[in-house]
Protein chains: 4
Amino acid sequence: MTSSEIASESKAARTRQRILAAAAHEFALHGYGGASLRLIADAADLKVGSLAFHFATKDDLVAAALADGVDSAREALAAAVAAVPDDATPGERLRAAILGHLDALHASDDRASAVVRMVETLPLHLRADHVRHERRFGKVWLDVLARGRDDGVVRDDVDLRVLRDLVVGALNSTSTTSPVARPARGAVVETLLALLSPR
Amino acid sequence: MTSSEIASESKAARTRQRILAAAAHEFALHGYGGASLRLIADAADLKVGSLAFHFATKDDLVAAALADGVDSAREALAAAVAAVPDDATPGERLRAAILGHLDALHASDDRASAVVRMVETLPLHLRADHVRHERRFGKVWLDVLARGRDDGVVRDDVDLRVLRDLVVGALNSTSTTSPVARPARGAVVETLLALLSPR
Amino acid sequence: MTSSEIASESKAARTRQRILAAAAHEFALHGYGGASLRLIADAADLKVGSLAFHFATKDDLVAAALADGVDSAREALAAAVAAVPDDATPGERLRAAILGHLDALHASDDRASAVVRMVETLPLHLRADHVRHERRFGKVWLDVLARGRDDGVVRDDVDLRVLRDLVVGALNSTSTTSPVARPARGAVVETLLALLSPR
Amino acid sequence: MTSSEIASESKAARTRQRILAAAAHEFALHGYGGASLRLIADAADLKVGSLAFHFATKDDLVAAALADGVDSAREALAAAVAAVPDDATPGERLRAAILGHLDALHASDDRASAVVRMVETLPLHLRADHVRHERRFGKVWLDVLARGRDDGVVRDDVDLRVLRDLVVGALNSTSTTSPVARPARGAVVETLLALLSPR
DNA sequence: TATGAATGAGGATTCATTCAT
DNA sequence: AATGAATGAATCCTCATTCAT
């Protein structure tokens with residue numbers, strides 16, 4: 001493989017990433033139906049027609065952005081938890097998960113928040129493809145909560161799945177477009193930890 | 001005012017309601033940017049051109065649907081709380097609020113869920129107008145929680161506003177388009193009550 | 001029905017006819033795949049977007065143009081034959097049919113030639129719908145030839161359907177875009193009559 | 001010229017042929033305006049950009065396909081006639097011509113039918129170039145008919161050029177995309193022979 | 001009060017073409 | 001000899017809006 005081959009390979013990959021970033025931003029701002037390829041192309045410094053070379057269709061791009069969004073959020077969440085030293089307190093682990101989730105959600109690249117903004121208005125065929133990714137993400141949170149319960153920092157008087165859904169819903173709802181309205185990160189973390197802790 | 005004027009006035013009002021209902025449905029399904037006046041008109045059994053008579057522009061319709069959505073949800077929430085007899089337990093009042101919120105959100109007319117689906121992708125000028133409605137809704141929940149705290153059924157170790165935001169966020173996140181994924185109403189209520197109750 | 005209603009009804013109909021005429025011209029010149037709605041709209045003195053009001057889709061317009069083309073040709077053919085007095089010679093009837101077919105095909109409005117130019121490159125779903133029209137047209141020619149055979153002016157040593165197909169094919173092939181290359185109408189008629197007559 | 005140059009030259013020639021074959025197929029199916037270089041490239045197992053190496057523009061490819069189509073048909077027609085032994089009956093020669101024409105037209109490689117499908121919708125500049133090829137093809141048929149007349153198997157009561165145009169038109173009209181609708185080859189041949197034979 | 005008819009802007013997608021590699 | 005990547009124009013279609021009736 002010559003150096004020029006490497007260069008051209010990475011060029012396509014770089015453009016693809018630029019498009020995904022621009023798409024995430026537009027989708028986060030305007031949702032699935034409100035986002036336009038024109039604006040996405042502009043933000044990616046490309047002409048609309050050129051998008052087709054990387055993503056054949058708007059829905060292809062959406063699917064890629066969704067996968068990119070949840071997967072990166074899941075990896076960030078898992079990494080945040082994994083980074084907690086073994087000898088840390090169980091509460092630290094829980095706090096790390098919450099922080100990891102919030103960080104992904106409020107990251108400036110919008111990859112995760114694009115997902116939150118799009119999921120509920122997706123056409124069925126896209127949603128079907130997306131469910132698997134979402135499920136893997138939910139699994140990570142479930143594991144975190146289960147471990148927390150074993151370690152005695154998560155209450156055991158409620159169904160864990162329902163708890164997980166409410167926690168994730170509450171966290172996702174902080175991903176508001178107007179950061180002014182967003183409650184302070186620290187307050188959210190402490191409040192959630194309090195709600196979760198057993199009586 | 002003649003009787004025919006009265007009749008025609010009430011006809012206009014009825015049509016307006018039909019449009020709002022159709023709009024709520026479309027907005028709930030496709031969000032602000034993805035909903036089209038044509039489909040709304042179809043669902044309201046009207047021609048697109050006729051919409052202008054009732055709502056001059058799409059944004060006017062959106063604003064009306066938003067106001068209609070939050071206000072009706074707020075009234076439903078307030079009514080549910082007010083319906084609780086004075087001699088009921090404080091926990092009953094809290095449960096009534098949660099149930100009222102969920103009922104509004106999962107109502108078949110989509111008026112409340114349309115709001116949830118739209119808010120985050122609204123253009124700025126619409127959002128500005130909408131904030132006041134949202135604030136009044138939030139005020140009701142804040143009152144409910146404050147009273148609950150006074151009555152000893154809501155924990156006092158957390159900031160009440162942050163708590164309110166998380167509770168509302170968690171509740172709103174149950175308004176998913178695919179009712180299959182939605183956790184059972186009863187489980188949501190009991191879990192939330194547990195989380196709220198003081199240790 | 002008021003006069004204004006009549007006017008508005010006929011306005012839509014008139015526009016529809018203008019579009020069909022423009023479409024026939026474009027389709028005759030460039031075929032199904034080569035014709036553009038832009039040019040059709042221009043020729044019909046409309047904006048492209050306005051076409052949708054009369055024909056929802058390009059394929060709808062094509063289907064209408066096809067039906068219009070064959071049906072009008074069939075009617076012209078049938079009328080030409082019917083116009084022959086009962087006491088005319090059988091040869092006159094045959095000649096009238098040939099002339100009627102040619103007249104339809106070379107008419108300046110291109111309605112019939114548009115069909116000839118489009119049929120073979122139609123997508124399958126359009127072709128399927130079109131077959132019925134084509135069959136009715138072929139039936140008229142078959143009747144003409146059968147009557148001619150009964151009257152002794154059409155040879156009886158060949159299969160009538162095959163003969164019909166070849167005659168129609170030969171006639172249609174005179175519908176060339178460059179009228180220079182087109183053989184003289186009279187010569188075509190006399191030659192065909194000669195070929196058809198029994199030995 | 002080195003052997004590798006020879007090899008690469010012949011490779012180019014082979015690719016050229018593959019492109020022409022693919023192009024003929026697409027043009028036969030969709031006509032001049034409806035065929036796309038992308039599909040042609042796909043069918044030729046190439047990327048669109050690579051076409052330019054062999055044919056600078058779409059119209060260059062079209063021109064080549066047209067020339068290829070008529071010329072090969074003309075050669076097939078001439079060869080079919082030439083293959084008839086000198087001592088065969090004149091009717092055999094005529095039949096051979098008809099069969100040769102039909103064989104070329106219905107050949108699976110679509111080279112000839114692509115021409116039939118394209119000619120009438122060609123832009124003027126392409127048509128001008130094409131006329132010469134077409135004329136040479138017509139000349140062959142004219143010769144065949146003239147010889148037939150000399151030999152007493154073609155009627156002499158009609159203009160030969162008009163006759164030729166009608167015969168060619170009738171034959172070409174059998175090149176339909178749906179082979180179901182196509183009349184049986186044998187029946188076409190015998191019917192045409194009958195029509196041509198003098199009384 | 002509503003419809004019919006049209007507009008112009010913008011939507012996504014496809015197209016032939018170009019050019020560096 | 002062919003590919004990868006991009007362009008700009010054109011494709012059809014949908015949109016919200018307007019206005020005479």
Side-chain angles (χ1 to χ4, degrees), chain A residues 2-5 7-9 11-12 15-16 33-41 45-61, chain B residues 7-9 11-12 14-16 33-41 45-61, chain C residues 2-5 7-9 11-12 15-16 33-41 45-59 61, chain D residues 7-9 11-12 14-16 33 35-41 45-61:
Chain A
T2 73
S3 68
S4 77
E5 273 169 344
S8 88
E9 228 188 63
K11 187 194 183 191
T15 306
R16 215 187 121 96
S36 94
L37 294 189
R38 233 293 260 97
L39 290 180
I40 292 175
D45 202 31
L46 273 153
K47 312 292 165 178
V48 217
S50 309
L51 285 181
F53 184 83
H54 302 272
F55 300 94
T57 230
K58 183 184 185 180
D59 281 1
D60 278 8
L61 174 53
Chain B
S8 82
E9 226 187 63
K11 188 195 178 194
R14 264 183 288 124
T15 306
R16 214 186 122 94
S36 92
L37 291 190
R38 170 159 300 279
L39 288 181
I40 292 173
D45 205 30
L46 250 81
K47 311 291 167 184
V48 223
S50 311
L51 287 180
F53 186 84
H54 302 272
F55 302 95
T57 76
K58 183 184 184 180
D59 281 359
D60 280 2
L61 173 53
Chain C
T2 72
S3 67
S4 76
E5 273 169 344
S8 87
E9 227 187 62
K11 187 194 182 191
T15 306
R16 215 187 122 95
S36 93
L37 293 188
R38 231 295 260 94
L39 290 179
I40 293 175
D45 202 31
L46 273 152
K47 311 293 165 181
V48 217
S50 309
L51 285 181
F53 184 81
H54 302 273
F55 300 95
T57 230
K58 184 186 184 181
D59 281 1
L61 174 53
Chain D
S8 80
E9 227 188 60
K11 188 194 179 192
R14 263 183 288 125
T15 306
R16 214 186 122 94
S36 93
L37 290 190
R38 170 159 300 280
L39 288 180
I40 292 173
D45 204 29
L46 250 81
K47 311 291 166 182
V48 223
S50 312
L51 287 181
F53 186 83
H54 302 273
F55 301 95
T57 76
K58 182 184 186 182
D59 281 359
D60 280 2
L61 174 53

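Bear in mind that the values here come from a model prediction, so they are computed numbers and not experimental data.
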Side chains of residues 47-57 of chain D: which donor-acceptor partners sit under 3.5 Å, not counting sequence neighbours?
from: D/Ser50; atom 1: OG; to: D/Lys47; atom 2: O; distance (Å): 3.4
from: D/Thr57; atom 1: OG1; to: D/Asp59; atom 2: N; distance (Å): 3.2
from: D/Thr57; atom 1: OG1; to: D/Asp60; atom 2: N; distance (Å): 3.1

Rounded to whole Å, how long is the line connecting atom [atom1] of [X] with atom [atom2] of [N]?
{"X": "C/Phe55", "N": "E/dA6", "atom1": "CZ", "atom2": "P", "result": "12 Å"}
{"X": "B/Leu51", "N": "F/dC19", "atom1": "CG", "atom2": "P", "result": "17 Å"}
{"X": "C/Phe53", "N": "F/dC19", "atom1": "CZ", "atom2": "C1'", "result": "13 Å"}
{"X": "B/Leu61", "N": "F/dC15", "atom1": "CG", "atom2": "C1'", "result": "15 Å"}
{"X": "C/Lys11", "N": "F/dA20", "atom1": "NZ", "atom2": "C1'", "result": "8 Å"}

Contact pattern, 5' to 3', of nucleotides 12-18 of chain E - B, S or - by protein heavy atom under 4.0 Å: SBBSSBB
Contacts of B/Arg38 that satisfy salt bridge (Lys or Arg N to Asp or Glu O under 4.0 Å) - sequence neighbours left out: none
Stepwise side chain to side chain contact (heavy atoms under 4.5 Å, CB included) check, B/Leu46 with B/Ile40: CA-CA 9 Å; B/Leu46 250 81; B/Ile40 292 173; over 6 Å; no
Sugar-phosphate only, base, or nothing, as touched by A/Leu46 at under 4.0 Å among non-hydrogen atoms: sugar-phosphate
Any side-chain N or O of [X] below 4.0 angstrom from OP1/OP2 of [N]?
{"X": "A/Thr15", "N": "F/dA5", "value": "no"}
{"X": "C/Lys47", "N": "E/dA6", "value": "no"}
{"X": "A/His54", "N": "F/dG4", "value": "no"}

Test item: A/Lys58 side-chain N/O and A/Ala35 main-chain N/O as donor-acceptor pair under 3.5 Å: yes
Each stem that DNA chain F is part of, given as range with range (3 or more consecutive Watson-Crick or G-U pairs, under 3.5 Å): E:2-21 with F:2-21
